[in-house]
Protein chains: 2
Amino acid sequence: MKPYILLTPGPTPIPDEVLRALARPIIHHRTEEFGRLFETLLEDLRYALRTKNRVLILTSSGTGAMESAVANLLSPGDKAVVHAAGLFGDRFAEIVRAYGLSPVVIGEEWGHAASPEKLGAALKAHPDAKVVLLQHADTSTGIVNDLQSLSCVVRAESDAILVVDAISGLGGEPLETDSWGLDVVLSASQKALMNAPGLAFMAVSDRAWRLVETATLPRYYFDWRMMARSVPERETPFTPAVALVAAQVEALGLIRAEGIENVWKRTAGLARYARERGRELGLELYPKDPCNILSAFRLPAGLDGNKLVKDILREGRISIAGGQGPLKGRIIRVAHMGHIRKPDLDAGFEALSKRIPSGARKPR
Amino acid sequence: MKPYILLTPGPTPIPDEVLRALARPIIHHRTEEFGRLFETLLEDLRYALRTKNRVLILTSSGTGAMESAVANLLSPGDKAVVHAAGLFGDRFAEIVRAYGLSPVVIGEEWGHAASPEKLGAALKAHPDAKVVLLQHADTSTGIVNDLQSLSCVVRAESDAILVVDAISGLGGEPLETDSWGLDVVLSASQKALMNAPGLAFMAVSDRAWRLVETATLPRYYFDWRMMARSVPERETPFTPAVALVAAQVEALGLIRAEGIENVWKRTAGLARYARERGRELGLELYPKDPCNILSAFRLPAGLDGNKLVKDILREGRISIAGGQGPLKGRIIRVAHMGHIRKPDLDAGFEALSKRIPSGARKPR
């Protein structure tokens with residue numbers, strides 16, 4: 001059976017070196033050898049995140065990292081401002097509600113980036129907000145937010161801690177944790193970081209840590225204080241996904257070797273290429289403020305996106321993503337982050353071209 | 001560098017077939033191909049757990065499964081009886097406290113199995129207990145509990161839901177979820193199930209599910225209701241550790257091929273062998289009620305267990321475990337579960353024999 005061509009926004013394809021690291025004989029997690037891996041991982045994550053902040057490692061999906069931010073920063077009665085204009089913003093709001101708090105939800109029309117002005121107004125109206133929760137890129141709509149401007153507004157208008165979900169953005173979109181003043185940045189292994197799913201990462205500023213020390217929402221497995229206490233021992237409080245740690249070190253090594261700015265540029269180049277290929281098929285870009293890590297295309301009327309995705313997978317083992325939530329069936333999403341390269345995109349658009357009615361197309 | 005000989009009670013060595021599955025190109029988790037893996041995994045877990053109950057899959061360490069049981073079964077003010085006679089019982093108590101509840105902690109001297117009589121008395125004294133939390137095997141002390149008798153007592157004396165941490169026991173010690181009436185059984189990938197760490201499993205009876213529907217402790221990532229809703233779609237609510245799922249299917253396939261009763265017998269045989277080898281070195285077994293998955297040996301006076309473990313690892317790349325908590329430095333622990341075989345034990349005892357003073361030894 002030929003392998004998938006994975007063009008989904010997570011999991012994404014894994015380089016051979018990284019797959020080989022996954023298959024190395026397992027080592028115990030309280031040894032010198034694991035300690036060195038752990039230390040390298042933290043150092044490489046700081047490189048990718050452009051931060052000197054404390055970095056923590058968690059065995060879970062990215063959603064676990066999002067929940068850990070809520071549980072470690074907030075106390076009952078606290079106010080959280082959530083920017084939601086896609087599935088993952090909605091998820092932040094759901095997590096806040098699951099802990100018995102009422103989020104202040106602001107948003108835009110889906111496909112639009114967060115407006116710094118609106119965020120500023122919300123913070124003026126809610127000066128007691130403890131945290132602001134928002135996305136870097138949102139793969140459900142294909143947008144990227146202007147984190148630098150958003151962070152400026154948060155600092156100018158409030159004392160709130162800014163929490164950024166960069167689960168898909170880290171390693172694909174430009175991100176400057178320290179110079180943009182991002183207090184908490186969350187990420188995960190299976191998107192632009194080119195590893196299998198199962199690891200999540202949190203970068204936490206000293207400013208944010210003051211909240212961690214006083215927050216009283218219940219947490220144990222997600223407790224950042226326990227994780228931080230284990231860092232000097234070069235280990236995690238609970239058995240980590242050792243194979244994924246070894247593989248992540250390998251994948252981040254590839255990113256360091258290329259240089260993260262070069263990775264950002266390459267990803268931007270692939271985004272331009274994908275959009276040109278899409279235009280040729282008459283596919284209009286869905287988001288008004290598109291990110292570089294994936295292209296979300298509106299489908300011509302009468303074309304069922306769910307069926308299209310299934311047909312392409314069945315026939316060519318090419319995995320693209322359909323729309324989620326209200327966009328189900330109406331858009332398709334082609335990722336171009338991490339290890340995805342031009343020939344993968346060519347295969348994807350070739351498969352699409354066979355199923356998009358030629359009437360929709362524009363001359364090349 | 002020669003690979004470790006892993007004799008630690010998790011992670012444990014991984015068979016080659018399973019390592020190869022870890023290194024397969026990643027597939028998307030919302031596809032027919034993943035759906036088939038997911039379904040096979042649930043079926044194989046039910047086989048190993050000897051249950052027809054609902055089985056759920058979580059990407060986390062085993063501790064995440066323990067926390068998920070607390071968060072899904074309890075509400076503020078609820079009473080939980082925790083049996084603690086080792087590190088993992090203490091952990092259950094800590095998790096209950098982290099959620100603002102006061103556990104009723106009962107116990108034994110470390111190294112002794114839980115007493116059904118004492119548990120019965122505790123349940124008589126606390127007839128309003130909602131759950132009983134206890135271990136199957138406890139690797140920190142090397143004991144195994146008589147789950148069948150304990151479960152009988154719970155049913156006879158109360159309406160409490162019995163939660164069993166079988167994180168290390170499943171696949172090593174005899175376990176009959178349904179015929180012993182175990183309401184909730186928790187396990188994880190990296191012990192007797194021969195996979196890399198990062199997956200946890202929960203088997204939940206219909207009786208327990210009634211509590212899940214009404215419990216109000218906060219949970220999102222750990223929410224069993226969301227997981228259960230995804231099962232008919234043959235997926236998980238959040239991106240699962242796809243590579244670990246593929247590898248777990250492979251590992252459980254090996255267990256099914258051998259037959260779980262045969263795995264139990266083989267493990268018991270290795271336990272007898274390890275204890276004989278230990279006796280020859282003058283090493284006395286620490287627990288009074290020893291399990292089959294590992295042997296915890298008391299060290300002769302004057303021998304520092306921490307140093308011993310480090311020396312053996314550095315010299316021969318053989319990883320055995322030291323004592324934890326109050327047993328630090330005082331015992332060593334040699335695992336014989338999962339993929340660990342006689343030659344691995346031979347290498348371990350050979351390395352030990354070079355470092356145990358011969359005065360302690362008994363003639364072979």
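Note that these values count all heavy atoms, side chains included, but never hydrogens, waters or copies made by symmetry. Below, chain A is the first sequence line, B the second, and so on; all start at residue 1.
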Are the charged groups of A/Glu32 and B/Lys310 less than 4.0 angstrom apart, N to O?
no
Assert top hit (heavy-atom pairs under 4.5 Å, partner chain B, pool A/Asp223, A/Leu244, A/Ile95, A/Val70) equals A/Ile95
Please look at A/Thr216 and chain B and tell me whether the side chain, the backbone, both or neither of the residue comes under 4.5 angstrom of a heavy atom of that chain.
neither
Which atoms of A/Tyr4 are under 4.5 Å from chain B, going by heavy atoms: the side chain, the backbone, both sets, or neither?
side chain
Name the member of A/Leu313, A/Thr31, A/Leu217 that forms the most heavy-atom pairs with chain B at distances under 4.5 Å.
A/Thr31
Tell me, out of A/Arg24, A/Met66, A/Glu94, who's got the most heavy-atom pairs with chain B below 4.5 Å.
A/Glu94
Return the option, out of A/Ser189, A/Gly100, A/Pro240, with the maximum number of heavy-atom pairs under 4.5 Å with chain B.
A/Pro240
Validation row, ring centre B/Phe222 to ring centre A/Phe222 under 6.0 Å
yes
Contacts of type salt bridge (Lys or Arg N to Asp or Glu O under 4.0 Å), residue A/Glu315, not counting sequence neighbours
A/Arg355
With rounding to the nearest 0.5 Å, note down the distance linking NE2 in A/His28 to CG in B/Leu7.
11.0 Å
Note: vs chain A, highest number of non-hydrogen pairs under 4.5 angstrom among B/Ser61, B/Pro13, B/Gly198, B/Ala23 is B/Ser61
Quick one: pull up CZ in B/Arg30 and OG1 in A/Thr8 and give me the separation to the nearest 0.5 Å.
11.0 Å
Between A/Ala188, A/Ala21, A/Ala241, which shows the greatest number of heavy-atom pairs under 4.5 Å with chain B?
A/Ala241
Qualifying residues under side-chain hydrogen bond (donor to acceptor under 3.5 Å, both in side chains), relative to B/Ser68, sequence neighbours excluded
B/Trp224
Greatest number of heavy atom pairs closer than 4.5 Å to chain A - which of B/Arg20, B/Arg91, B/Arg219, B/Gln190
B/Arg91
Whether the A/Thr63 and B/Tyr220 side chains hold a donor-acceptor pair (N or O, under 3.5 Å, no angle test) is what I'd like checked.
no
I'd like to check B/Pro11 versus A/Thr239 (side-chain heavy atoms, cut-off strictly below 4.5 Å). Are they in contact?
yes
Could you tell me which portion of B/Ile27 (side chain, backbone, both or neither) has an atom closer than 4.5 angstrom to a non-hydrogen atom of chain A?
both
Is a salt bridge present between A/Glu33 and B/Arg317, judged by a nitrogen-to-oxygen distance below 4.0 Å?
yes
Look up atom OG in A/Ser319 and atom CD1 in B/Ile26, then write down how far apart they are to the nearest 0.5 Å.
12.0 Å
Any idea which of B/Gly64, B/Pro237, B/Ala196, B/Ala243 has the most non-hydrogen atom pairs under 4.5 angstrom with chain A?
B/Gly64
